[in-house]
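First up is the structure itself, then whatever we jot down about it.
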Amino acid sequence: LKTIEGTFIAPQGKFALVVGRFNSFVVESLVEGAIDTLVRHGVSKDNITVIRAPGAFELPLVAQKVAERKEYAAIIALGAVIRGGTPHFEYVSGECTKGLAQVSMQFGVPVAFGVLTVDSIEQAIERSGTKAGNKGVEAASSALEMVSLLAQLE
Ligand SMILES: O=c1[nH]c(NC[C@H](O)[C@H](O)[C@H](O)CO)c([N+](=O)[O-])c(=O)[nH]1
């Protein structure tokens, strides 16, 4: 039986955090959690770049431009799409999710999905460092694991 799995041991590679500013009160906690996770797993802060975009809708294009540079071992997408009174939520979160997945497949680079898509501010706060964890931490952990896993599949 052969098993191939990723570890969380920091690679030499660089990490790009592409961040949607919208709902920054929540998103900045995701950024903090992601950076803390990378650093505590041995990634040098010199190997972490934070790129901020207006909102979640812009994240796929920014991720694509970052991926094109072929400089980064992984991209961590962070944002918060919070349902308002209109269907806008579906369009923004749907396009963001599809677009990020497309970049990942097109360029063969891990794009960790750390974009909250929630029904309320309360849910957003719960997932940005309170009782439901921190989606930025989860996304950074996923990025570390994927870099390690993909290195074994090259
Ligand atoms: O990141 C978000 N962007 C949002 N809209 C902005 C969007 O991402 C674009 O920046 C904007 O449409 C301009 O292109 C949101 N809502 O509208 O609710 C949201 O909840 N989260």
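Numbering of ligands and ligand atoms starts at 1, following listing order. Values in this document were obtained by computation on a predicted structure and should not be read as measured data. Here, residue 1 is the first one in the sequence, and each next residue gets the next number.
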Report every pair formed by an N or O atom of ligand 1 and a protein N or O atom separated by less than 3.5 Å, giving atom names and the distance to 0.1 Å.
residue  : atom   : partner : partner atom : Å
ligand 1 : 1 (O)  : A56     : N            : 2.8
ligand 1 : 8 (O)  : A56     : N            : 3.2
ligand 1 : 8 (O)  : F57     : N            : 3.0
ligand 1 : 10 (O) : E58     : OE1          : 2.6
ligand 1 : 10 (O) : E58     : OE2          : 3.4
ligand 1 : 14 (O) : E58     : OE2          : 2.5
ligand 1 : 17 (O) : H88     : ND1          : 3.1
ligand 1 : 20 (O) : N23     : ND2          : 3.3
ligand 1 : 20 (O) : I82     : N            : 3.0
ligand 1 : 21 (N) : A80     : O            : 2.8

Kindly list each side-chain donor-acceptor pair under 3.5 angstrom involving residues 11-25, sequence neighbours excluded, with atom names and distances?
residue : atom : partner : partner atom : Å
K14     : NZ   : E71     : OE1          : 2.9
N23     : ND2  : A80     : O            : 2.8

If the test is side-chain contact (heavy atoms from CB on, under 4.5 Å), which one of L59, T97, V92 qualifies with V115?
L59
So which pairs with a foot in residues 94-117 pass salt bridge (charged side-chain N to carboxylate O under 4.0 Å, His left out), sequence neighbours left out?
E95-K98
Using a cut-off of 6.0 Å, state whether more than 12 heavy atoms not belonging to E68 lie near its atom CD.
yes
Once side chain to side chain contact (heavy atoms under 4.5 Å, CB included) is applied, do any residues pair with L153, and if so which ones, sequence neighbours excluded?
I4, L149, L150
Point-to-point distance, once rounded to the nearest 0.5 Å, from CZ of R69 to CZ of F107
13.0 Å
